[in-house]
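In this text the structure is predicted, and so the values were computed from the model without any measurement. Residue numbers begin at 1 in each chain, while the letters A, B, ... track the order of the sequences.
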2 protein chains.
Amino acid sequence: MENPKENPNPESTAGGVPKAVISRLSLYLRELEHLERTDKATTSSSQLGSVLGFSDAQVRKDLAYFGQFGYPGIGYRCSELIGAIRHILGTDRTWTCCLVGVGNLGRALLGYKGFHQRGFRVVAAFDVEHDKVGSSIEGVDVYHLDRLPELASENTITLGVIAVPAPAAQAVADRLVEAGIEGILNFAPTTITLPDGVSHVGVDLAMELEQLCFAVLNSRDKTND
Amino acid sequence: MENPKENPNPESTAGGVPKAVISRLSLYLRELEHLERTDKATTSSSQLGSVLGFSDAQVRKDLAYFGQFGYPGIGYRCSELIGAIRHILGTDRTWTCCLVGVGNLGRALLGYKGFHQRGFRVVAAFDVEHDKVGSSIEGVDVYHLDRLPELASENTITLGVIAVPAPAAQAVADRLVEAGIEGILNFAPTTITLPDGVSHVGVDLAMELEQLCFAVLNSRDKTND
DNA sequence: TAGATTGTTAATCGATTAACAATC
DNA sequence: TAGATTGTTAATCGATTAACAATC
């Protein structure tokens with residue numbers, strides 16, 4: 001046991017990818033798409049890293065979790081790496097989504113072009129207020145929340161976006177789960193509890209500002225050292 | 001050198017707090033505020049952790065970076081810990097903010113009650129479109145971006161929120177920096193470059209959905225093991 | 001007192017960095 | 001060829017977990 005052997009099971013990588021790697025993958029993708037739009041055919045780990053504030057080693061290591069995408073001496077072909085990262089993230093297919101909560105934020109999300117551009121199709125919006133139900137926002141029909149199960153199975157909706165007030169969020173989450181949704185993006189500023197097998201990402205806008213406050217205070221301290 | 005001494009400089013903690021600790025602190029705070037609203041006077045590291053999916057040890061360790069806030073045998077008094085975390089994050093004071101970009105998302109942000117509730121005061125909004133300039137949204141006046149320097153110094157605006165299209169984001173960031181802003185919350189789906197001393201948090205809504213996709217795909221794999 | 005829970009240390013685990021042979 | 005850059009290994013660094021004496 002003093003002299004450990006090499007891992008005898010080389011293809012066992014799949015499950016053990018750090019979560020931080022996946023966020024960076026999204027950043028690499030965004031940057032690569034930007035490079036491609038500005039007609040750069042290739043890039044390198046050091047170029048990609050320096051724009052985003054990571055080391056070249058980190059970029060290569062992150063990609064190495066999933067395979068070999070580069071050319072020694074050359075770097076990475078943007079279009080190829082874009083395709084590879086999209087495939088890894090799963091955004092090389094179309095995802096069918098619904099939105100619950102057509103308030104200020106919900107309406108803004110429906111108007112957000114970025115979702116459609118990246119292959120997310122919002123096929124229905126839901127609310128419980130009768131003056132909203134029946135309307136159409138940015139081409140998306142607004143239904144009463146009671147019709148969620150029906151529309152979810154008709155359209156095989158996979159992802160749900162929650163944009164309701166915090167007190168309603170858990171009940172909405174439960175109904176999305178009941179309707180067979182596999183993933184929830186939660187904008188309500190509250191913790192929601194979900195069964196295993198349902199994925200979850202939470203975005204709390206006020207929390208992001210809090211993080212910024214802390215960063216500002218720390219930066220002040222560092223400057224007046 | 002074989003037998004290293006204990007750290008001779010015990011109070012050198014300040015700078016070295018992992019970034020992940022700060023996000024968890026925000027989550028603890030949100031949960032504590034929820035507990036307080038539901039009339040729980042005290043909680044414990046294991047209770048706090050289990051709701052949020054962390055271990056009790058992690059909760060205690062995170063708090064230990066900043067001091068001692070609990071009572072052995074009792075736990076934490078919610079109101080005290082809320083005060084302590086707010087002080088750590090810097091949200092025990094009022095932060096003066098401005099918003100640039102009064103599109104769908106910008107308007108939604110102006111209507112978002114959570115900011116004001118947590119001590120963020122949005123004192124001005126800016127845009128370059130003449131039909132928007134001069135209007136007032138949710139009680140916040142919309143000015144032409146050219147008036148940013150003037151209004152920033154009059155109101156000592158500390159934080160700026162960017163909600164403009166990606167191609168305009170860097171130029172807006174530069175003008176915010178020029179106007180003396182100390183922190184930027186960027187909702188534009190692009191990387192912005194800032195000088196040292198200006199803090200930065202980026203939120204890319206499409207990226208969050210990408211993260212969710214990956215989680216859903218992985219969860220499927222795990223289920224069909 | 002017995003039970004609960006903290007703060008803190010030491011042990012474990014995981015992630016990042018540095019270095020370099022292989023490749024174009 | 002010389003220069004650039006990859007993929008990968010080993011070394012370093014940092015963060016999480018487990019354990020427990022101290023405390024209420």
Side-chain angles (χ1 to χ4, degrees), chain A residues 1-8 10-25 27-28 32 35 40-50 52-78 80-81 84-85, chain B residues 1 3-8 10-25 27-28 32 35 40-50 52-78 80-81 84-85 88:
Chain A
M1 286 301 171
E2 288 292 302
N3 187 1
K5 307 259 177 61
E6 269 110 30
N7 182 348
E11 72 276 303
S12 66
T13 338
V17 181
K19 221 183 143 215
V21 172
I22 311 303
S23 344
R24 287 196 296 267
L25 237 41
L27 288 168
Y28 301 154
L32 286 161
L35 287 168
K40 312 282 188 298
T42 65
T43 186
S44 66
S45 56
S46 60
Q47 181 178 120
L48 214 40
S50 79
L52 296 166
F54 307 125
S55 70
D56 57 336
Q58 176 132 81
V59 174
R60 293 197 300 278
K61 194 89 212 295
D62 285 347
L63 296 172
Y65 279 100
F66 303 98
Q68 304 185 168
F69 308 104
Y71 303 90
I74 310 283
Y76 302 90
R77 300 203 210 293
C78 294
E80 273 181 32
L81 192 50
I85 296 181
Chain B
M1 287 299 173
N3 189 0
K5 305 259 178 60
E6 267 110 29
N7 182 349
E11 73 276 304
S12 66
T13 340
V17 180
K19 220 183 142 216
V21 172
I22 311 304
S23 346
R24 286 195 296 266
L25 236 43
L27 287 169
Y28 302 155
L32 285 161
L35 287 167
K40 313 283 188 299
T42 65
T43 186
S44 66
S45 57
S46 59
Q47 181 177 118
L48 214 40
S50 79
L52 297 165
F54 307 126
S55 71
D56 57 335
Q58 175 132 80
V59 174
R60 295 197 299 278
K61 195 87 213 294
D62 285 347
L63 296 173
Y65 279 100
F66 304 98
Q68 304 185 171
F69 309 103
Y71 303 89
I74 308 285
Y76 303 91
R77 300 204 210 291
C78 294
E80 274 180 31
L81 192 50
I85 296 181
I88 294 162

Trainee: Could you walk me through whether Ile88(B) and Tyr65(B) pass the side chain to side chain contact (heavy atoms under 4.5 Å, CB included) test, one step at a time?
Mentor: CA-CA 10 Å; Ile88(B) 294 162; Tyr65(B) 279 100; over 6 Å; no
Trainee: What closest approach, in Å, do Lys40(A) and Cys78(A) show between heavy atoms, and which atom pair accounts for it?
Mentor: O-SG, 3.4 Å
Trainee: Roughly how far, to the nearest 0.5 Å, is CD of Glu80(A) from OG1 of Thr42(A)?
Mentor: 11.0 Å
Trainee: Using a 3.5 Å limit on both distances, find every run of at least three consecutive Watson-Crick or G-U pairs that involves DNA chain C.
Mentor: C:3-24 with D:3-24
Trainee: With rounding to the nearest 0.5 angstrom, report the OG to CZ distance, Ser55(A) to Arg60(A).
Mentor: 8.0 Å
Trainee: Nearest heavy-atom pair of Phe69(B) and Leu63(B): which atoms, and what distance?
Mentor: CE1-O, 3.4 Å
Trainee: Rounded to whole Å, how long is the line connecting atom CG of Asp62(B) with atom P of dA15(D)?
Mentor: 11 Å
Trainee: Can you measure Gln58(A) atom CD to dC13(D) atom C1' for me and round it to whole angstrom units?
Mentor: 13 Å
Trainee: Figure out the CZ/P separation between Phe66(B) and dT8(C), and round it to whole Å.
Mentor: 14 Å
Trainee: Over how many whole Å does the gap from Lys61(A) atom NZ to dA19(C) atom C1' extend?
Mentor: 14 Å
Trainee: What's the closest nucleotide to the side chain of Ala20(B) if the choices are dT17(C), dT16(D), dT17(D)?
Mentor: dT16(D)
Trainee: Side chain to side chain contact (heavy atoms under 4.5 Å, CB included) for Phe54(A) and Leu27(A)? Distances and angles first, verdict last.
Mentor: CA-CA 11 Å; Phe54(A) 307 125; Leu27(A) 288 168; 4.0 Å; yes
Trainee: Just to verify, what does Gln47(A) make a side chain to side chain donor-acceptor pair (under 3.5 Å) with, not counting sequence neighbours?
Mentor: Thr43(A)
Trainee: If you take all heavy atoms of Val59(B) and Tyr28(B), which pair is closest and at what distance?
Mentor: CA-OH, 3.5 Å
Trainee: Produce a footprint string for nucleotides 2-7 of chain C: one letter per nucleotide, 5' end first; B if the base is under 4.0 Å from any protein heavy atom, S if only the sugar-phosphate is, - if neither.
Mentor: --BBBB
